[in-house]
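Here the structure comes first, spelled out in structure tokens, and everything after it is commentary.
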Amino acid sequence: MTELPLLFTPLQLRDLELKNRIMVSPMATYSAQEGRATDWHTAHIGKLAAGGAGLVFVEQSSVNTQGRITHGCLGIWDDAHIADHAALAALIHSFNAKAAIQIAHGGRKGSSQRPWEGGNPLGEADIKARGEGPWQIAASSGIPFDDGWPAPQMMTSEQIDALVDDYRQAFRRARAAGYDVIELHCAHGYLMHSFLSPLANNRNDEYGGSRENRMRLPLRIAAIMREEWPSHLPAFVRISSVDGVDIGWSIEDSIAFAAELKAIGIDMVDCSSGGMKLPRGNSLVSRTPGFQVPFAERIQKEVGMPTVAVGLIREPDYAEAILRDGKATLIALGRELLWNPNWPAQTALALGCDPEWTSWPEQYGWWLKRRVAQQGR
């Protein structure tokens with residue numbers, strides 16, 4: 001019997017079994033209304049879930065209104081959001097996939113336009129054009145994200161404590177909605193990353209200065225996530241493994257952070273990178289296929305903790321090699337699935353591990369199978 005490709009070998013995480021090692025990355029689409037999901041989310045998530053991935057993430061959802069990136073960000077700051085998320089989780093489950101959600105706060109990158117509106121800070125023109133005005137943003141320190149961006153309010157200890165409770169309530173709502181996996185967003189320059197990185201954090205209290213202090217709040221919230229999340233279900237953390245080249249947060253910092261996450265019971269680290277505005281000479285290497293895989297590999301091997309590899313992983317053979325070589329435990333795809341949401345199901349066929357087309361929704365899998373047989377393809 002031919003050995004099953006590791007990409008399509010089930011993965012056990014606590015009591016949760018994923019049918020394969022393919023994960024749909026959380027991808028913000030900025031299409032919510034007052035934090036509520038719309039028909040767009042149903043179509044978007046349904047399309048991705050139908051494609052055959054084992055784990056499907058709903059996009060990052062804000063813990064409070066201040067934590068939105070744009071007016072179109074999906075929310076989980078109110079009990080009224082639970083029903084929308086429950087519908088999305090049920091939709092994912094209907095395609096025999098597991099449902100996941102990423103919980104986030106935009107920090108100093110909040111109060112901005114949607115990407116297709118320019119992605120700049122909101123201003124008077126946005127009020128006139130769409131009735132969407134700016135709001136007060138907050139972060140670890142008062143350092144603006146970039147030139148021309150507003151300085152965020154440095155969060156006080158009291159505001160931090162209130163934020164921690166916002167996260168706790170968001171975790172509870174996520175479970176009430178029926179998600180199987182939860183992820184804390186600590187990457188891409190958003191609030192948690194702004195506490196971790198010395199490029200964005202110049203505090204001189206218990207949340208700034210040393211690496212231990214800069215990790216304090218993300219670890220505090222991660223511990224609450226693990227406390228609130230059912231013990232039989234897995235919890236992830238997404239990180240920016242490095243800020244850039246020889247600047248700011250480093251892979252050695254990420255290894256230390258991952259070790260602390262492992263100690264409090266986090267099951268997997270989702271290894272992305274970047275998110276800070278950097279001088280040209282310190283920017284990350286060119287975005288070539290698998291450019292972030294070395295980060296996942298080092299953390300998995302040096303910390304002994306499962307990782308998610310993400311970043312222009314397009315070819316099935318390459319995805320399989322990453323897993324076979326022990327460089328990661330899950331393969332996450334984002335834009336590749338926007339281009340081809342059936343990548344997982346097509347890959348299963350190409351690798352010869354789904355001769356009966358069970359990875360495809362039965363509503364059209366039977367038709368495609370017949371067509372292929374008729375055409376001799």
Side-chain angles (χ1 to χ4, degrees), residues 1-27 45-58 91-100 179-181 183 233-234 236 267-271 289-290 292-293 296-297 300 305-373 377:
M1 180 178 177
T2 303
E3 184 179 4
L4 189 68
L6 197 55
L7 197 60
F8 291 95
T9 300
L11 176 65
Q12 192 75 30
L13 295 172
R14 296 191 181 241
D15 289 351
L16 185 73
E17 184 179 87
L18 304 182
K19 64 183 179 183
N20 58 47
R21 313 291 179 95
I22 302 170
M23 175 183 124
V24 177
S25 275
M27 293 177 279
I45 295 299
K47 175 179 65 177
L48 295 171
L55 182 63
V56 178
F57 264 89
V58 169
L91 179 61
I92 294 167
H93 291 150
S94 73
F95 290 107
N96 191 31
K98 302 304 181 184
Y179 287 108
D180 306 296
V181 176
E183 179 175 87
L233 294 176
F236 295 8
D267 299 280
M268 192 166 292
V269 174
D270 188 354
C271 298
Q292 295 174 146
V293 172
E297 179 181 13
Q300 180 154 300
M305 183 180 193
T307 60
V308 180
V310 62
L312 298 183
I313 300 171
R314 297 167 172 164
E315 299 302 323
D317 288 344
Y318 180 47
E320 177 70 10
I322 292 169
L323 298 175
R324 288 289 177 195
D325 294 342
K327 295 179 179 179
T329 298
L330 273 178
I331 301 295
L333 290 88
R335 280 170 285 187
E336 184 66 17
L337 294 181
L338 297 180
W339 176 254
N340 178 14
N342 294 321
W343 190 97
Q346 289 180 345
T347 296
L349 290 177
L351 296 181
C353 53
D354 188 17
E356 298 303 318
W357 292 65
T358 56
S359 297
W360 298 77
E362 58 186 10
Q363 291 89 340
Y364 57 76
W366 69 273
W367 187 88
L368 290 171
K369 182 180 180 182
R370 181 182 178 187
R371 180 180 175 88
V372 169
R377 294 175 64 186

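Note that these values count all heavy atoms, side chains included, but never hydrogens, waters or copies made by symmetry. From a predicted model like this one, the values you see are computed outputs, not experimental measurements.
Between Trp343 and Ile22, the closest side-chain pair of non-hydrogen atoms falls below 4.5 Å. Contact annotation: the side chain of Phe95 never approaches that of Val56 to less than 4.5 Å [non-hydrogen atoms, C-beta and beyond]. No side-chain heavy atom of Glu297 sits less than 4.5 Å from a side-chain heavy atom of Asp325. Using a 4.5 Å cut-off on side-chain heavy atoms (C-beta onward), Thr307 and Lys327 make no contact. In this structure, Leu323 and Ile331 have side chains that are in contact, with non-hydrogen atoms separated by less than 4.5 Å. The closest side-chain heavy-atom distance from Met268 to Pro306 is below 4.5 Å. Proximity of Leu233 to Asp15: side-chain heavy atoms (C-beta onward) are nowhere separated by under 4.5 Å. Leu330 is listed as a side-chain neighbour of Phe236, based on a closest heavy-atom distance under 4.5 Å.
Summarising the local packing, CD of Glu315 is surrounded by 12 or fewer heavy atoms from other residues, nucleotides or ligands at distances under 6.0 Å.
With hydrogens and angles ignored, the 3.5 Å screen pairs a side-chain donor or acceptor of Gln300 with a backbone N or O of Gly326.
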Original post:
When you look at Glu336 and Ile313, which way does the side chain to side chain contact (heavy atoms under 4.5 Å, CB included) test go after all the steps?
Top reply: CA-CA 8 Å; Glu336 184 66 17; Ile313 300 171; over 6 Å; no

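Nearest heavy atoms, Asn20 versus Gly54: OD1-N, 2.7 Å. Heavy-atom minimum distance, Val24 versus Ala53: CG2-CB, 3.7 Å.
Ion pairing between Arg21 and Glu320 fails under the 4.0 Å rule for side-chain N and carboxylate O.
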